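Working notes, structure below.
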Amino acid sequence: MSKRIAVVTGATGGLGTAMCKALVDQGRQVIASHLPGEADTQAAQAWQAEMNGAGYEVAILPLDVTDFEACSNFVATVERDFGAIDVLVNNAGITNDAPLKKMAQDQWLQVINVNLNSMFNMCRQVFEGMCERGFGRIVNISSLNGEKGQFGQSNYAATKAGIYGFTKSIAQEGARKGVTANAVSPGYIDTPMVRQVPEKVLDGIIAGIPVGRLGQPEDIARAVAFLTDDNAGFVTGTNLSVNGGQYMS
Ligand code: NAD
């Protein structure tokens, strides 16, 4: 059988990179997406060279997940050049924090657009084909803060909580067709973003994690690989919290 085609959005970041490696290890042909624009394209090319140099063959294409038309074109390109998409990991996401008292409408809309509208923009393109072919694996990356809420992140938490309702709904629509949809909710993961937190604050965060450490990107990638496995067809509509026990839902 030819390799299954797996797409990871926002793939060149901290978690996306580990996901791409895990999917390659799983025998998938991985198509990574990166933000368009000159600087992002250069960074993406360097990322791809590093991945290939480390033995991880990945293709990479530009995509702004907030743009429905661009998502449609991206999927058409992947289907033409590689084949139908079997696995979709909606990983692209941003934060733009402020307490509600200070949050501008733009801040709210931007985060909704990138983190939540992207789910529709991408799933809408691939879901029907997956159902027709009788196989599909969709994983939507949520967050611990979508499960519990977080001071200063009402926009981010709303999008990440919204992912659960979306995921459970399409899981029901795909269940008889071999298409699963699940969410993964990372806790605090050792990525450049989290390492920027002042040391004292970070120590406090780690003290609140029962496992006693930050997560590693590979912890999240393993969860994604589990849910996208061909043999994971009985796991659908669920949320897999990967947070070291910080929040037990
Ligand atoms: P990251 O910033 O390293 O990666 C996010 C990627 O999304 C980047 O490559 C960025 O270019 C891309 N992106 C942003 N806007 C985009 C757009 N409009 N179109 C396409 N791509 C876009 O962050 P990360 O830590 O790797 O996070 C990955 C996912 O995991 C996000 O959804 C994030 O919310 C979630 N998450 C991360 C953590 C953590 O501790 N790092 C915790 C919980 C959830």
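Worth knowing before you read on, the calculation uses all heavy atoms, side chains too, and leaves out hydrogens, waters and symmetry mates. This one's a predicted model, so the numbers in the text were calculated from it and none came from an experiment. For ligands, and for the atoms within them, numbers begin at 1 and follow the listed sequence.
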Tell me, which pairs form a side-chain hydrogen bond (donor to acceptor under 3.5 Å, both in side chains) where one or both residues lie in residues 6-20, sequence neighbours left out? T17-W47
Tightest non-hydrogen contact, residues L61 and V78, listed as CD1-CG2, 3.8 Å
Please, which pairs that meet salt bridge (charged side-chain N to carboxylate O under 4.0 Å, His left out) have at least one residue in residues 23-37, sequence neighbours excluded? R28-D230
Quick check: do Q125 and I85 have side-chain heavy atoms less than 4.5 Å from each other? no
So, are R137 and D86 salt-bridged, with charged N and O less than 4.0 Å apart? no
Counting only non-hydrogen atoms and a 4.0 Å cut-off, the residues near ligand 1 are G10, T12, G13, G14, L15, L35, L63, D64, V65, T66, N91, A92, G93, I94, V114, I141, S142, S143, Y156, K160, P186, G187, I189, T191, M193, V194
According to side-chain hydrogen bond (donor to acceptor under 3.5 Å, both in side chains), does anything in residues 73-85 pair up with another residue at least two apart or in another chain? List the pairs. none
